[in-house]
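Here is the structure we will look at.
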Amino acid sequence: MADKLIIFDTTLRDGEQSPGASMTRDEKLRIARQLERLKVDVIEAGFAASSNGDFEAVQLIANTIKDSTVCSLSRANDRDISRAAEALKGANNPRIHTFIATSALHMEKKLRMTPDQVFEQAKQSVRFARNMVSDIEFSPEDGYRSDMDFLCRVIEAVIAEGASTINVPDTVGYAIPELYGEFIKTLRERIPNSDKAIWSVHCHNDLGMAVANSLAGVKIGGARQVECTINGLGERAGNCSLEEIVMAVKTRKDYFGLEMGIDARHILAASRMVSQTTGFVVQPNKAVVGANAFAHASGIHQDGVLKARDTYEIMRAEDVGWTANKIVLGKLSGRNAFKQRLQELGVQMESESEVNAAFARFKELADRKSEIFDEDILALVSEENVTHDKEQFAFVSLSQHSETGERPHASIVFTVAGLEVKGSSEGNGPVDASLKAIEAHVKSGAEMVLYSVNAISGSTESQGEVTVRLQNSGRVVNGVGSDPDIVVASAKAYLSALNKLQSKADRVAAQG
Ligand code: KIV
Ligand code: ZN
């Protein structure tokens with residue numbers, strides 16, 4: 001039987017560290033469920049000690065997810081490790097992932113610790129964690145830029161203390177595939193007890209090589225765990241992308257010879273869910289999940305694909321969850337057809353009342369838009385378009401007027417803590433006027449650092465999906481809204497971002 005490659009997803013931890021990508025507890029749970037459907041082996045659910053919100057999210061995911069291992073990150077200290085263990089109490093398979101920086105630069109400038117102090121702290125922390133949970137992963141942060149002799153000394157010691165997975169991060173995305181692969185190989189060859197642990201790769205994408213580096217770590221270095229995120233979400237240029245790793249290892253099984261437990265048919269739904277939740281739009285030419293990934297525009301390619309699909313296709317679109325971009329439902333479709341389509345799309349509703357609420361939103365949309373595509377349904381059920389009672393701001397209605405030669409004007413009705421308020425304003429355009437009308441009432445003082453509109457299903461009849469990124473007092477949040485009317489979608493996105501700014505989320509940075 002072929003070796004197994006463990007897929008460790010860190011969308012909810014390292015992915016979420018991306019400025020603006022922070023998610024609520026419920027959004028994280030929803031994504032964790034999708035990751036479980038995808039059959040990822042390990043879900044890094046968060047960094048329990050970083051904030052109460054993260055603790056609760058890890059706890060909720062640990063109590064809910066049954067098939068995947070649930071992991072919490074923790075710095076190498078007793079308090080962080082105890083918080084992680086506490087949050088993971090309800091998990092079937094808990095893992096504590098503890099880390100400390102080992103590069104000379106990080107030890108001296110960031111930690112202000114000597115190598116001997118770091119060595120002792122790494123050892124003590126793994127020993128402490130091992131008394132609480134049997135599955136311990138250790139990461140030497142900035143491992144790839146660390147001194148080889150020192151790294152060997154630290155890793156040998158933590159394996160002796162019981163760390164069963166050793167993860168070697170390229171924290172700053174500095175590696176080159178061949179060199180990174182050799183680095184892992186050398187570590188494994190030089191450390192006497194290296195066979196007692198599973199070796200893992202964790203690559204950032206600053207030079208666009210996170211996937212290539214990870215694959216080299218697997219092929220040359222012999223790593224058997226890859227840490228990755230959906231859509232490659234992550235700080236700066238992001239992390240290694242899960243969908244690319246999975247499809248590379250699957251498509252080139254002849255070369256890698258590895259098995260995975262992943263059910264790739266759920267990849268696209270996971271990609272959409274993460275992009276709609278975080279507002280990080282997927283570029284059209286992104287491998288596997290981009291809108292053009294399986295589109296054959298040129299006549300030559302189309303002709304080839306029609307004659308024999310493997311002339312230009314190395315993967316089948318349906319194997320990663322793409323279905324034909326067809327009209328799936330319309331105004332006359334009933335609740336059962338709607339529910340069945342949700343199931344086919346891999347969307348799981350918590351209760352019948354949630355299905356009813358989503359069906360009501362579907363009917364409302366079908367009244368305004370004759371053709372409803374899968375993308376519309378996915379947007380409709382994304383958390384962002386569901387108004388929760390607990391939310392501070394919610395959209396009610398909007399009217400706006402724009403005419404050539406006149407300054408556009410908008411009036412908007414929305415709720416603040418359940419009470420309706422009305423705001424009006426002029427602006428440079430209808431979107432500007434609408435958002436100024438909200439701001440005139442809310443007075444958040446937030447700075448808009450990004451505004452983007454994307455057509456969900458490609459044509460002008462499609463729904464517009466708007467992302468608004470706001471920054472206030474050092475916090476950055478993204479709000480997403482969708483509607484056939486992009487002015488309404490913009491107002492929804494703005495209110496959603498304001499809701500996120502309202503929620504308290506002071507947290508300790510993982511690399512802090
Ligand atoms: O990139 C990194 O070094 C990390 C560690 C905390 C594992 O994310
Ligand atoms: Zn990282």
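Just follow the structure's listing: the first ligand is 1, and inside any ligand the first atom is 1. From a predicted model like this one, the values you see are computed outputs, not experimental measurements.
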Report, in ascending order of atom number, the atoms of ligand 1 lying under 4.0 Å from any heavy atom of [X].
| X | result |
| --- | --- |
| His204 | 1 (O) |
| Thr171 | 1 (O), 2 (C), 3 (O) |
| Ser139 | 7 (C) |
| His97 | 7 (C) |
| Asp14 | 8 (O) |
| Glu141 | 3 (O) |
| His202 | 1 (O), 2 (C), 4 (C), 8 (O) |
| Pro169 | 2 (C), 3 (O) |

Can we say [X] and [Y] salt-bridge, meaning some charged N sits less than 4.0 Å from an Asp/Glu carboxylate O?
| X | Y | result |
| --- | --- | --- |
| Arg130 | Glu161 | no |
| Asp41 | Lys4 | yes |
| Arg153 | Glu156 | no |
| Lys28 | Asp26 | no |
| Glu318 | Arg265 | no |

- Message: What do you get for the angle at the Zn ion (ligand 2) between NE2 on His204 and NE2 on His202, to the nearest 10 degrees?
- Response: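 Once rounded, the angle between the two atoms at the Zn ion (ligand 2) is 100°.
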- Please list, chain by chain and in numerical order, all residues satisfying side-chain contact (heavy atoms from CB on, under 4.5 Å) with Glu178, sequence neighbours excluded. Ile220
- Can you name the N, O or S atom of Asp14 that is closest to the Zn ion (ligand 2)? OD2
- Task: Go through Arg13 and Asp54 one step at a time and tell me if the salt bridge (Lys or Arg N to Asp or Glu O under 4.0 Å) criterion holds.
- Result: CA-CA 9 Å; Arg13 197 281 297 171; Asp54 240 33; over 6 Å; no
- Query: Would you say Glu227 has an N, O or S atom lying under 2.8 Å from the Zn ion (ligand 2)?
  - Reply: no
- Query: Would you say Arg13 touches ligand 1, if touching means a heavy atom closer than 4.0 Å?
  - Reply: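 Checking ligand 1 against Arg13, which is what was asked, there is a heavy-atom contact under 4.0 Å.
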- With sequence neighbours left out, the residues meeting ring-ring contact (aromatic ring centres under 6.0 Å, His included) with Tyr180 are Tyr144
